[in-house]
> 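Here's a structure for you.
Here is the naming used below: chain letters follow the sequence lines, and residue numbers restart at 1 for every chain. The structure displayed is predicted, hence computed values, not measured ones.
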Number of protein chains: 2
Amino acid sequence: MAGKGSGAQSKRPQQTDMSIQPAAERGEPSLSLERIVATAVELLDAEGIGGLKMRRLADRLGAGAMSLYWHVANKEELVDLALNAVFEYRGSSATGKAEDWRQEAIHMLEDWRASMLRHPWSASLLPQRALGANILGRLELLSKTLARAGVADADLNAAIWSLWNYVIGATITRASFDLSEEDRTAGHQRLTRLSEHYPTIERSRLLLDNDWDGVFRKGLDFLLDGLVQK
Amino acid sequence: MAGKGSGAQSKRPQQTDMSIQPAAERGEPSLSLERIVATAVELLDAEGIGGLKMRRLADRLGAGAMSLYWHVANKEELVDLALNAVFEYRGSSATGKAEDWRQEAIHMLEDWRASMLRHPWSASLLPQRALGANILGRLELLSKTLARAGVADADLNAAIWSLWNYVIGATITRASFDLSEEDRTAGHQRLTRLSEHYPTIERSRLLLDNDWDGVFRKGLDFLLDGLVQK
DNA sequence: CGATTTTATCGTACAACGTACGAGTCAGTT
DNA sequence: AACTGACTCGTACGTTGTACGATAAAATCG
């Protein structure tokens with residue numbers, strides 16, 4: 001997916017094989033990539049992408065602003081790491097049995113949606129950033145699950161992308177309604193005022209109340225049905 | 001949808017009813033909202049959201065940077081206007097006959113997708129911005145078309161959102177692959193390297209070549225089928 | 001052991017950006 | 001001639017990301 005090419009790397013020696021952490025062990029390392037990313041996620045959760053400033057993040061970590069740049073090449077990389085962190089997936093209680101494919105797919109996709117809704121900034125950032133490892137992991141899993149379900153090789157990519165597109169689209173839509181919670185009532189009024197000129201929309205209250213979860217699940221079932229029967 | 005509430009307004013007297021333009025008429029107005037927005041779209045098309053700077057836009061217009069602020073409250077509003085401009089829809093050669101509902105829906109949705117792909121920044125910006133009038137117009141049209149197709153009132157919102165979600169998701173995915181064209185080969189290599197650890201993905205070349213248009217149309221047909229039969 | 005390298009932190013400074021402020025120009029009206 | 005409103009723009013400020021060393025502490029080596 002998009003994003004600025006391959007992306008820079010931090011100055012810190014790349015930890016290719018995970019074994020020893022060079023400097024930690026005894027004294028408190030005070031700063032660590034994990035802590036930085038975790039705190040960045042906190043900030044993003046609290047105030048959205050606009051609230052993530054390097055100085056503020058450093059403050060909250062009790063460090064100098066430039067100290068972050070030992071662990072992270074630049075802000076862009078930091079955001080990528082935060083995004084990736086949010087998309088981790090531990091997996092379902094996967095039996096691996098062929099007939100369970102459907103509930104495993106649903107589990108993963110609903111978990112994914114839930115992750116994005118817990119961190120609404122992630123949904124709106126995803127389109128502009130590169131595909132992270134955890135996303136690829138989910139795609140890989142989905143791919144295997146669908147293959148087990150009997151989707152033909154020739155249809156596999158189309159099936160995966162259909163599901164991906166659906167989940168992304170549904171979640172972005174849903175999340176962006178949540179995002180405007182800064183002043184829920186003002187946004188509400190704005191929508192009400194705007195939709196006055198659109199009678200059908202107004203009558204159906206399309207923009208106002210929706211059973212988002214129900215709509216999501218309905219569409220998902222629908223897609224899954226179609227993908228295996230075709 | 002999201003966005004920062006109601007949004008500020010420019011200093012220029014709001015042109016509520018479209019009749020007279022106060023200052024134009026004879027001498028060249030040199031700057032106008034239309035020209036500003038159109039040029040902003042040019043800049044966005046050429047270099048993406050990162051390339052749109054107020055100073056640069058003013059330069060290209062042969063004006064001082066601060067002159068823009070007479071016509072536009074701030075950059076955010078400008079981006080909203082550019083977004084809205086890009087989503088204009090002139091309508092199909094709509095017959096209004098009930099049996100043509102399907103091709104009219106398809107026409108609008110594919111036109112919408114095409115608009116976003118002509119301006120890839122629009123797809124990735126949409127999730128973070130407010131719903132503009134032209135988007136609402138499309139939703140209104142879609143709503144009427146589906147009603148004509150016989151979709152029950154109770155299912156109407158779910159149907160609209162399903163289609164919307166699908167189009168948004170599919171287009172964002174597609175556009176974000178295009179976005180990484182700054183160095184197409186570098187991105188390509190990155191994806192190839194990354195997907196090494198994901199055998200199923202690699203084997204199916206999920207990330208590399210896809211008949212995007214075909215996949216989009218397939219899923220769309222699929223959704224439309226389901227929405228009316230249910 | 002002392003010398004040297006690696007790991008990590010951070011203060012200062014700078015360039016780029018959005019935009020507040022207010023001064024300016026020009027046309028039309030009274 | 002005085003005034004008003006539409007429009008333009010130069011200067012300047014605050015906020016950002018981050019380049020560039022200057023540190024110090026720990027690890028390694030002779």
> Is the distance from OP1 or OP2 of D:dT8 to the nearest side-chain N or O of B:Ser30 less than 4.0 Å?
yes
> For D:dT8 and B:His71 - does any side-chain N or O of the residue sit under 4.0 Å from the phosphate oxygens OP1/OP2?
yes
> When the distance from CG of B:Leu61 to C1' of D:dC7 is rounded to whole Å, what number comes out?
15 Å
> Could you list the residues that satisfy salt bridge (charged side-chain N to carboxylate O under 4.0 Å, His left out) with A:Lys144, not counting sequence neighbours?
A:Glu140
> Applying salt bridge (charged side-chain N to carboxylate O under 4.0 Å, His left out), can you list everything that pairs with B:Arg118, at least two apart in sequence or on another chain?
none
> What's the CZ-P distance between B:Arg56 and C:dG18, to the nearest Å?
10 Å
> Pick base, sugar-phosphate or nothing for B:Ala58, based on heavy-atom distances below 4.0 Å to the nucleic acid.
nothing
> Please give, in whole Å, the distance from C:dT7 P to A:Leu33 CG?
16 Å
> Write down the distance between CH2 (B:Trp70) and P (D:dG10), rounded to a whole number of angstrom.
18 Å
> Could you pull out every donor-acceptor pair under 3.5 Å between side chains of residues 52-62 of chain A and any protein atom, sequence neighbours left out?
from: A:Arg56; atom 1: NH2; to: A:Glu47; atom 2: OE1; distance (Å): 3.0
from: A:Arg56; atom 1: NH2; to: A:Glu47; atom 2: OE2; distance (Å): 2.8
from: A:Arg56; atom 1: NH2; to: A:Gly51; atom 2: O; distance (Å): 3.2
from: A:Arg60; atom 1: NH1; to: A:Glu42; atom 2: OE1; distance (Å): 3.2

> With a 4.0 Å cutoff (strictly under), does any side-chain N or O of B:Ser67 reach OP1 or OP2 of D:dC7?
no
> Taking side-chain hydrogen bond (donor to acceptor under 3.5 Å, both in side chains) as the test, write out the residues that go with B:Arg203, two or more places apart.
none
> What pairs with A:Trp212 under side-chain contact (heavy atoms from CB on, under 4.5 Å), at least two apart in sequence or on another chain?
A:Arg113, A:Thr173, A:Arg174, A:Phe177, A:Asn210, B:Trp161
> At under 4.0 Å between heavy atoms, which parts of nucleotides 12-25 of chain D does protein reach? Answer with one letter per nucleotide, 5' to 3': B base, S sugar-phosphate only, - none.
B---BBBBB-----
> If you measure from OG on A:Ser204 to OH on A:Tyr198, what distance do you get to the nearest 0.5 Å?
14.0 Å
